[in-house]
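Heads up, the thing below is written out as structure tokens.
Excluded from the calculations below are hydrogen atoms, water molecules and symmetry mates; all remaining heavy atoms, backbone and side chain alike, are included. Counting starts at 1 for both ligands and their atoms, following the listed order.
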Amino acid sequence: MDKLLVTGGNRLEGKINISGSKNASLPILAAALLTEEPCIIRRVPDVSDTNYMLQILRALGADVERSSGTVRIVAKNIIPEAPYDLVRRMRASICVMGPLLSRLGRASVSLPGGCIIGDRPVDLHLKGLQGLGANIDVEGGNMLMEAGDGLIGAEIDMRGKHGPTVLGTDNLMMAAVLAEGVTVIESAASEPEVVDLANFLISLGAKIHGAGTRRIQIEGVPSLGGTDFTVIPDRIEAGTYMVAAAMMGNGVTLNRVNRTHLTSTTEVLLESGHLVDFNARGTSVTVTPGEAPQGCNITTAPFPGFPTDMQAQFTAMLATTPGLSVIEDTIFPQRFMHCAEMARMGAEIDVDSGRAIVQGVESLSAAPVMASDLRASAALVLAALGAKGTTEINRLYHIDRGYEHIDEKLLLLGADVERVRSR
Ligand code: EPZ
């Protein structure tokens with residue numbers, strides 16, 4: 001129950017490195033279950049979600065070593081049951097389903113429970129795996145899967161009511177790499193994290209074409225080898241610090257980014273009047289506050305659209321930007337927990353059926369606030385950096401799930417933050 005004390009007002013300046021991607025690391029760590037050969041995975045961020053995944057891999061029987069950002073996994077003798085006690089802590093544990101079913105012909109994984117950011121069914125994951133011939137029963141809160149004679153390649157449309165599914169596409173791709181014949185995934189997710197997983201699988205010897213498009217083709221192979229792989233930078237962590245720099249910066253540079261993953265975030269920063277400069281190779285970015293920032297409208301969408309995982313952070317910025325802004329989340333329409341907490345700091349935000357209508361105010365004032373989920377807590381930190389006084393952000397464990405050493409990085413940029421450890 002650590003909390004963060006943030007005293008607002010300091011201008012941020014200097015350079016920090018962006019960590020490896022949490023959302024690329026999680027399915028890639030699970031994918032190591034597909035092979036008996038050693039997998040070395042570099043730049044895995046030290047956040048609680050990746051540590052949960054490593055605990056799950058150990059519980060499944062894999063040998064796991066970690067030294068700072070490098071993880072070595074050898075999944076020689078593994079079992080098909082993923083323990084409820086670990087799976088319930090992190091939805092992304094669901095991406096062990098595809099590898100276990102594909103490698104062992106059976107899997108037992110607990111059905112994920114509710115999620116504060118909204119309705120998150122797994123029907124598309126199950127549809128995909130059943131499309132490859134798996135029999136699936138739900139019993140005692142567990143999904144029991146069995147593919148006695150092995151999985152068979154097929155053509156499967158993964159379109160959902162809110163668009164493609166990221167982890168659903170990952171699970172199906174991981175199941176298909178050892179299946180007999182060819183699988184075609186239609187309406188596939190094309191997030192950079194999906195492409196990074198495909199590149200990891202290809203480095204193991206998988207045959208995959210079209211990752212990054214809406215149509216992915218996978219030709220099954222009998223077995224896979226080992227690899228030494230480096231995950232992509234975290235575009236959501238980068239986006240979060242880009243917003244911090246637009247709000248409170250005085251020349252902040254982020255190193256180890258990938259410009260092609262930050263297009264929509266950059267567009268909205270420019271549209272709201274701020275300055276964004278990438279170096280020639282697109283691996284570093286400097287963000288400078290504009291002289292006349294103005295409100296703007298945002299609608300989230302699957303990649304390359306505007307990421308739902310950046311919506312809360314921009315809400316924090318627009319809360320003190322002159323003018324009216326309308327933010328619509330088409331992927332998680334209820335994902336506005338941060339707004340009520342920001343209202344406690346003086347923000348003027350109306351939330352109504354999947355939209356937040358933000359009237360920019362002069363400034364916010366400090367108040368004790370409660371983090372509710374990963375990105376909402378990042379938004380509260382951003383709001384506090386500009387607020388008058390010292391804000392107390394409780395339940396910091398939410399932010400530790402996906403931001404590596406956030407307090408140390410903010411201190412490096414000159415922010416006045418203090419982590420208060422719970423006794
Ligand atoms: C991934 O979650 C990310 N998590 C999420 O980031 C991110 O918000 C989300 O993609 C969307 O970009 C990881 O990569 C670990 P989805 P995922 O399946 O794959 C509906 C963060 O902050 N849907 O793409 O679970 C679903 O309800 C996290 O780092 C179905 O209807 O999301 C949603 O409306 C939060 N049926 C939409 O699809 C299904 O079977 C997209 O969800 C699956 C999903």
Side-chain angles (χ1 to χ4, degrees), residues 19-31 44-45 47-50 52-53 56 87 89-98 111-131 136 143 156-174 185 187-197 214 231-232 234-240 261 264-265 300-313 329-335 337-338 354 371-379 398-404:
S19 302
S21 165
K22 170 196 67 97
N23 287 349
S25 296
L26 294 172
I28 285 174
L29 293 171
V44 174
V47 292
S48 41
D49 273 10
T50 55
Y52 283 146
M53 185 57 84
I56 291 170
V87 170
R89 295 189 194 167
M90 177 181 66
R91 288 188 64 78
S93 342
I94 197 172
C95 50
V96 301
M97 286 197 305
L111 209 52
C115 179
I116 196 132
I117 71 174
D119 189 13
R120 298 182 76 180
V122 294
D123 56 317
L124 295 170
H125 295 248
L126 303 185
K127 173 187 171 189
L129 298 175
Q130 280 163 332
I136 303 180
M143 296 174 283
I156 297 160
D157 192 322
M158 290 291 273
R159 180 188 311 279
K161 76 174 189 279
H162 296 286
T165 163
V166 173
L167 291 180
T169 301
D170 292 343
N171 249 328
L172 189 51
M173 202 160 53
M174 291 189 279
I185 307 178
S187 316
S190 60
E191 270 65 10
E193 296 77 23
V194 172
V195 176
D196 210 33
L197 173 64
R214 290 273 175 260
V231 301
I232 55 174
D234 196 309
R235 63 189 170 107
I236 306 298
E237 185 199 24
T240 304
H261 300 165
S264 56
T265 295
T300 69
F303 190 88
F306 183 88
T308 170
D309 295 347
M310 281 303 301
Q311 176 257 99
Q313 297 91 318
D329 199 321
T330 64
I331 298 175
F332 295 115
Q334 296 136 19
R335 193 180 196 173
M337 301 295 290
H338 45 286
S372 55
D373 64 84
L374 173 58
R375 308 305 171 183
S377 45
H398 283 295
I399 212 164
D400 290 335
R401 298 189 63 142
Y403 288 89
E404 191 174 44

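- Side-chain contact of Ser21 with Arg235: a donor-acceptor pair under 3.5 Å is absent, judged by distance alone.
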Exercise for review: Walk me through it: do Glu193 and Leu26 pass the test side chain to side chain contact (heavy atoms under 4.5 Å, CB included)?
Suggested key: CA-CA 10 Å; Glu193 296 77 23; Leu26 294 172; over 6 Å; no
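- Per-atom contact check: atom 7 (C) of ligand 1 touches the protein, criterion being a heavy-atom distance below 4.0 Å.
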Point to revise | Worked check of salt bridge (Lys or Arg N to Asp or Glu O under 4.0 Å) between Asp49 and Arg91 | key: CA-CA 10 Å; Asp49 273 10; Arg91 288 188 64 78; over 6 Å; no
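- Considering only heavy atoms from C-beta on, Met90 comes within 4.5 Å of Met53 through its side chain.
- Counting protein heavy atoms only, atom 5 (C) of ligand 1 is closest to Asp309 OD2, 3.7 Å.
- Heavy atoms of Lys22 found under 4.0 angstrom from ligand 1 belong exclusively to the side chain.
- Close contacts of ligand 1 with Asp119, meaning ligand atoms under 4.0 Å from a residue heavy atom, involve 27 (O).
- With Leu167, Val166, Asn23 as candidates, the residue nearest to atom 3 (C) of ligand 1 on a non-hydrogen basis is Asn23.
- Heavy-atom proximity to Arg120, at under 4.0 Å, picks out these atoms of ligand 1: 2 (O), 17 (P), 25 (O), 27 (O).
- Contact annotation for Asp170 and ligand 1: no heavy atom of the residue comes within less than 4.0 Å of the ligand.
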Exercise for review: For Asp234 and Glu404, run side chain to side chain contact (heavy atoms under 4.5 Å, CB included): C-alpha distance rounded to whole Å, both residues' side-chain angles, the deciding distance at 0.1 Å, then the answer.
Suggested key: CA-CA 10 Å; Asp234 196 309; Glu404 191 174 44; over 6 Å; no
Exercise for review: Test Gln334 against Ile117 for side chain to side chain contact (heavy atoms under 4.5 Å, CB included), laying out the working first.
Suggested key: CA-CA 6 Å; Gln334 296 136 19; Ile117 71 174; over 6 Å; no
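- In this structure the side chain of Leu197 never reaches within 4.5 angstrom of the side chain of Val194, judged on heavy atoms.
- What sits closest to atom 41 (C) of ligand 1 on the protein, heavy atoms only, is Ile331 CG2, 3.7 Å.
- Summarising the local packing, CE of Met143 is surrounded by more than 12 heavy atoms from other residues, nucleotides or ligands at distances under 6.0 Å.
- Close approach to His125 involves these atoms of ligand 1, each under 4.0 Å from a residue heavy atom: 40 (O).
- Side-chain atoms of Ser93 and Tyr52, non-hydrogen and from C-beta on, never get closer than 4.5 Å to each other.
- With a 6.0 Å radius and a threshold of 12 heavy atoms from other residues, nucleotides or ligands, Arg159 has its CZ atom at or below the threshold.
- Protein heavy atom closest to atom 18 (O) of ligand 1, with residue, atom name and distance, is Thr165 OG1, 2.6 Å.
- Only the side chain of Phe332 comes within 4.0 Å of ligand 1, judged by heavy-atom distances.
- Ligand 1 lies nowhere less than 4.0 angstrom from a heavy atom belonging to Lys127.
- What sits closest to atom 40 (O) of ligand 1 on the protein, heavy atoms only, is Leu124 N, 2.8 Å.
- When each of Asp329, Asp373, Asp309, Thr300 is paired with Arg335, the side chain to side chain donor-acceptor pair (under 3.5 Å) condition holds for Asp309 and for no other.
- Set against the non-hydrogen atoms of His162, the atoms of ligand 1 under 4.0 Å away are 34 (O), 37 (C).
- In summary, the atoms of ligand 1 found under 4.0 Å from a heavy atom of Arg335, numbered by their order in the structure, are 8 (O), 22 (O), 35 (C).
- The shortest N or O to N or O distance between Asp123 and ligand 1 is below 3.5 Å.
- Between atom 12 (O) of ligand 1 and the options Thr308, Asp49, Thr169, Val194, the minimum heavy-atom separation is to Thr308.
- Remark: distances from the non-hydrogen atoms of Arg375 to ligand 1 include one below 4.0 Å.
- For atom 39 (C) of ligand 1, the closest heavy atom belonging to the protein is Pro121 O, 3.1 Å.
- Contact of the Phe306 side chain with the Thr330 side chain is not registered, since no non-hydrogen atoms from C-beta on lie closer than 4.5 Å.
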